[in-house]
Amino acid sequence: MNANPISSLEMPDLRRTTMRRNIWCEGCGLGNMQQAISIALMRQLGRRFKVDFMQPAGLDTIKNNIAMVSGIGCTSRMAGHLDANTVHTTHGRSLAFASGLKMARPDLTVVLAAGDGDIFAIGGNHFIHAARRNLDMTLIVYDNRSYGMTGAQASPTSPMGEFGSSAPYGVFEAPFNLVDLAIGAGAGFVAQGAVTTLQEHQDQLEELIAAGLDHKGFSFINVVGTCHTGWGARNKRSEAFRYRQYLQHQVTPVERWRELPPEERAAWKPLGIIHSVDRPDLQSSPAYTDIVARGKKAAVALEEPLEDVQLAELDPMARPPRTCLRFAGSGGQGVITAGEIALSAAVLAGKNGVFTKNYGPEARGGEAYSDVTVSDGEIHFPQSDELDVLVALNQETFDKFRKDVGPSGRILVNSSAVRETYDDPRVVASPIGEILARDVRPPKRDLGINILALALVLDYLGLMSRKAIESAVMKSVGKKNPALNQKALAAGFAEAERLKAH
Ligand code: SF4
């Protein structure tokens with residue numbers, strides 16, 4: 001038990017000492033914030049679990065009961081530094097991950113370390129809803145008013161008139177007032193600390209984080225911090241100590257700030273606990289517990305026999321057989337439409353499919369392609385490591401994408417346009433352009449080439465029935481020009497027969 005007079009300097013290290021210490025620039029305030037979080041966690045959890053953090057067993061108990069979640073950015077590297085349960089997630093989504101984690105493991109102390117860009121730009125919606133929802137977790141934001149890691153771009157808290165790599169002539173949008181935003185969104189605990197040259201501000205930061213951890217519900221601690229190598233370098237504050245001094249002149253204790261006339265308050269950043277109200281956190285609220293109880297009762301009343309769960313079906317890493325096709329050609333050849341129709345045909349054939357498209361800025365010409373993945377099973381991830389089939393309508397896309405096809409894949413090339421195939425054994429050549437001109441006779445060059453190629457490749461590979469392919473085509477482009485598309489389908493199926501016979 002620590003009724004502790006132990007000084008911060010004597011406290012154990014909560015870092016993963018076996019790993020690289022950190023990636024932060026020398027003098028960055030993130031080190032101060034990490035130290036304050038570590039100390040607050042050890043003190044508060046030591047007290048909560050009645051264990052001594054100076055003893056290995058006590059420290060283990062503390063570490064095992066922390067779940068730190070972070071997103072992307074300099075601050076978010078903290079989850080990698082701390083030796084606890086840590087999750088380094090995606091940009092702006094740490095609050096969403098943390099919410100799920102807290103719902104599943106309400107016993108854990110969930111703490112988030114995030115930057116202002118991460119949480120208030122990309123993650124802005126998650127922030128307001130986390131504050132409203134009031135799960136019991138603590139969000140600590142390092143507010144350096146910029147994106148540090150990616151090179152000093154302006155963030156939602158960048159001061160007007162200052163310069164960043166994305167604001168070479170100065171920021172012209174008003175910054176968020178994070179404190180007001182948090183209170184307005186419903187956060188029950190809002191505090192603000194700062195990284196300056198003063199030890200009293202460091203001590204205060206530890207106290208504020210500790211108070212946030214103690215608060216039952218969503219707590220938000222904003223840390224006014226530095227970024228001397230990024231934002232600072234563009235605003236005459238490239239020296240870490242001077243940046244801290246600069247901040248020091250902008251902060252004032254919240255008690256003094258409250259005494260200021262309202263028109264003067266905006267010029268100062270109040271430090272301390274700014275807002276604290278008690279309201280039941282989500283998982284203890286009567287509304288939530290009542291709903292959960294009613295849901296459980298309803299589930300029991302249904303008395304539906306539970307189906308056996310096949311674990312393999314739930315395994316996101318399990319890969320049912322799937323085929324990934326790419327239709328590629330120049331803009332205007334309809335390769336995106338071919339992919340869309342292939343997806344519809346897959347669905348009509350009772351399969352699962354996903355479709356993605358990609359095209360250049362040109363309306364005509366340039367490169368375009370679409371990918372369709374088809375499977376009889378679930379498709380957990382839309383991309384494939386390699387293509388199984390490439391349909392290349394021109395030389396450029398053949399040259400560009402043939403490396404993406406697996407060793408046992410097939411490449412159907414339009415030999416009317418692809419003259420060089422480099423003796424690639426995976427190539428199946430078909431004079432699609434000439435067949436189109438001869439058998440379909442479109443009024444415009446290449447009109448219907450996508451349908452011909454689609455019918456040809458799907459039928460040749462036996463991926464779907466002709467009925468499903470025809471039905472998907474006629475429901476799509478076939479409505480506009482049924483005769484031409486019927487001819488293109490027939491020509492594609494006939495060419496598939498010819499190729500199969502070889
Ligand atoms: S880029 Fe800025 S915020 Fe990131 S570590 Fe360096 S000084 Fe700190």
Side-chain angles (χ1 to χ4, degrees), residues 13-16 19-38 68-82 86 88-92 94 111-124 127 139-159 161-168 170-171 175-176 178 192-198 201-202 205-206 209 220-251 269:
D13 200 338
L14 204 58
R15 288 174 303 171
R16 286 191 173 101
M19 294 181 69
R20 186 179 167 185
R21 299 194 93 179
N22 66 58
I23 60 147
W24 295 326
C25 306
E26 202 172 319
C28 177
L30 276 165
N32 297 61
M33 180 167 128
Q34 178 171 289
Q35 191 192 23
I37 292 176
S38 301
M68 172 171 269
V69 186
S70 70
I72 297 293
C74 291
T75 314
S76 293
R77 297 303 294 246
M78 204 176 289
H81 298 163
L82 292 192
T86 58
H88 191 188
T89 73
T90 52
H91 210 183
S94 54
V111 190
L112 299 97
D116 47 287
D118 185 31
I119 282 290
F120 296 103
I122 302 98
F127 175 78
L139 167 67
I140 305 145
V141 170
Y142 187 73
D143 178 17
N144 58 15
R145 297 162 305 284
S146 61
Y147 289 86
M149 183 179 269
T150 50
Q153 291 83 7
S155 85
T157 59
S158 300
E162 292 202 354
F163 303 96
S165 60
S166 62
V171 173
F176 269 142
L178 299 182
Q192 189 157 254
V195 172
T196 68
T197 65
L198 299 180
H201 286 151
Q202 181 69 16
L205 188 53
E206 284 169 26
I209 295 169
F220 166 54
I221 297 109
N222 193 50
V223 182
V224 180
T226 58
C227 175
H228 58 293
T229 60
W231 195 257
R234 287 173 164 77
N235 291 281
K236 300 190 178 142
R237 300 192 294 274
S238 60
E239 210 272 306
F241 187 78
R242 292 206 186 287
Y243 202 145
R244 287 167 185 244
Q245 284 182 318
Y246 166 82
L247 293 182
Q248 211 163 297
H249 293 121
Q250 296 190 343
V251 296
K269 294 188 183 304

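Just so you know, ligand 1 is whichever comes first in the structure, and atom 1 is the first atom listed for that ligand. Values reported hereafter were calculated over all heavy atoms of this structure, with side chains retained and with hydrogens, waters and symmetry mates removed.
Ligand-side atoms of ligand 1 in range of C28: 3 (S), 5 (S), 7 (S), 8 (Fe), range being under 4.0 angstrom from any heavy atom. Near N144, meaning under 4.0 Å from one of its heavy atoms, ligand 1 places the atoms 3 (S). Ligand 1 places these atoms under 4.0 Å from at least one heavy atom of C227: 1 (S), 2 (Fe), 3 (S), 7 (S).
Scanning all protein heavy atoms for the shortest distance to atom 7 (S) of ligand 1 gives T229 OG1, 3.5 Å.
Here the straight-line distance linking atom CD1 of I72 with atom OG1 of T90 works out to 7.0 Å at 0.5 Å rounding.
The closest non-hydrogen atom to atom 4 (Fe) of ligand 1, taken over C74, G29, G148, comes from C74.
Looking at heavy atoms from C-beta onward, S165 lies out of side-chain contact with Y147 at the 4.5 angstrom threshold. Side-chain atoms of H228 and F241, non-hydrogen and from C-beta on, never get closer than 4.5 Å to each other. Side-chain contact between R244 and H201 is absent, with no heavy atoms from C-beta onward closer than 4.5 Å.
Results of the side-chain contact (heavy atoms from CB on, under 4.5 Å) test with I140 over V111, L112, L205, T75 single out V111 as the only residue that passes.
At a cut-off of 2.8 Å, C25 does not coordinate atom 2 (Fe) of ligand 1 through any N, O or S atom.
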